[in-house]
Amino acid sequence: MLLRAVTEDDRDDILLWRNDPVTRAMSRIHDPVATINHQTWFARMLIDPGQLMVMAIEDDRKIGVVRFSQDKNCWEVGINLNPVERGHGMGHTVLAQAIDYFWKFYPKSPLRAIIRPDNKASHKIFTSCGFEWIDRSLDHDHLEAYNPGERRD
Ligand SMILES: CC(C)(COP(=O)(O)OP(=O)(O)OC[C@H]1O[C@@H](n2cnc3c(N)ncnc32)[C@H](O)[C@@H]1OP(=O)(O)O)[C@@H](O)C(=O)NCCC(=O)NCCS
């Protein structure tokens, strides 16, 4: 699998995947993102030093993205696979390799993830990448997991 930072060419795929019904159901904000809002956000994200978005590619197929957003002393991480690539066990590899890619730029930076309790596939892949559940809910709909900066498989 090849990992690279996203480029302008990925913008429309990322919007399509973000507005997929499953992704919306699993997101903190369920509404679809309007194209113009996405384009503005994406242009800013590309030049923001507090954001890194990584695209995973296999056999010329875009498998999914992992986004790292700086938040005080920690980076929040989220994953979204291309809908046609879900359910085939790719999520773990994408997340693990994206974290390794991120740590090359920000060695051993701690990571947090915010995940809905019913998102079993996401729980499994984050746990398998060394995240541990924090013993408190962020709100009624989400749980928080933490990786101190050293992934364990
Ligand atoms: C969540 C996501 C990244 C998971 O990646 P994936 O490749 O589709 O995951 P898989 O379907 O292979 O499932 C991963 C693991 O969870 C298990 N799993 C999946 N659904 C499950 C369920 N309902 N109950 C228990 N285990 C489940 C799978 O068996 C697999 O386990 P294994 O590694 O031991 O085989 C991907 O589906 C996705 O992008 N979803 C939409 C966006 C999203 O929810 N992002 C996460 C928000 S942080």
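As the structure lists them, so they are numbered: ligands from 1, and atoms in each ligand from 1. Throughout, numbering of the chain's residues begins at 1 and tracks the sequence.
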Original post:
Any donor and acceptor pair, going by atom type alone, linking the side chain of Ser109 with main-chain N or O of Tyr106 inside 3.5 Å?
Top reply: yes
**OP:** Give a yes or no on whether the backbone of Val54 and the side-chain of Arg4 come within a donor-acceptor separation of less than 3.5 Å.
**Re:** no
Original post:
Under a heavy-atom criterion of less than 4.0 Å, does Ala113 contact ligand 1?
Top reply: no
Original post:
Does His92 come within less than 4.0 Å of ligand 1, judged by its heavy atoms?
Top reply: no
Is there a protein heavy atom at a distance of less than 4.0 Å from [atom]?
| atom | answer |
| --- | --- |
| atom 31 (O) of ligand 1 | yes |
| atom 24 (N) of ligand 1 | yes |
| atom 21 (C) of ligand 1 | yes |

Do any nitrogen or oxygen atoms of [X] lie less than 3.5 angstrom from nitrogen or oxygen atoms of ligand 1?
| X | result |
| --- | --- |
| Gly78 | no |
| Phe126 | no |
| Lys124 | yes |

**OP:** Measure from atom 44 (O) of ligand 1 to every heavy atom in Thr127, Ile115, Ile125, Asn119 and give the option owning the shortest one.
**Re:** Asn119
**OP:** Going by heavy-atom distance to atom 39 (O) of ligand 1, choose the closest among Ile79, Val77, Leu81.
**Re:** Leu81
Original post:
Is Asp31 salt-bridged to Arg24, going by a charged N under 4.0 Å from an acidic O?
Top reply: no
Original post:
Will you find, in the side chains of Arg11 and Thr35, an N or O donor that is under 3.5 Å from an N or O acceptor?
Top reply: no
Subject >> Glu76 versus Ser69, side-chain donor and acceptor atoms under 3.5 Å >> reply: no
Return the closest protein heavy atom for [atom] as residue, atom name and distance.
| atom | result |
| --- | --- |
| atom 4 (C) of ligand 1 | Ala121 CB, 3.9 Å |
| atom 12 (O) of ligand 1 | Gly89 N, 2.8 Å |
| atom 27 (C) of ligand 1 | Lys120 CB, 4.0 Å |
| atom 48 (S) of ligand 1 | Ser122 OG, 3.8 Å |
| atom 11 (O) of ligand 1 | Gly87 CA, 3.1 Å |

Subject >> Numbered atoms of ligand 1 (with element) below 4.0 Å of Asn80, judged on heavy atoms >> reply: 39 (O), 41 (C), 42 (C)
Original post:
What atoms of ligand 1 come closer than 4.0 angstrom to any heavy atom of Gly91?
Top reply: 5 (O), 6 (P), 7 (O)
Could you tell me whether the side chain of [Y] reaches within less than 4.5 Å of the side chain of [X], counting heavy atoms only?
| X | Y | value |
| --- | --- | --- |
| Ile99 | Cys129 | yes |
| Arg18 | Ser27 | yes |
| His123 | Trp133 | yes |

Subject >> Test side-chain contact (heavy atoms from CB on, under 4.5 Å) applied to Val66 and Leu52, step by step >> reply: CA-CA 8 Å; Val66 180; Leu52 178 66; over 6 Å; no
Original post:
In a check of ring-ring contact (aromatic ring centres under 6.0 Å, His included) between Phe68 and each of Phe102, Tyr101, Trp75, which one passes?
Top reply: Phe102
Subject >> Partner of Lys62 by side-chain hydrogen bond (donor to acceptor under 3.5 Å, both in side chains), out of Asn82, Asp13, Asp9 >> reply: Asp13
Original post:
When you look for heavy atoms under 4.0 Å from ligand 1, do you find them on the side chain of Met26, its backbone, both, or neither?
Top reply: side chain
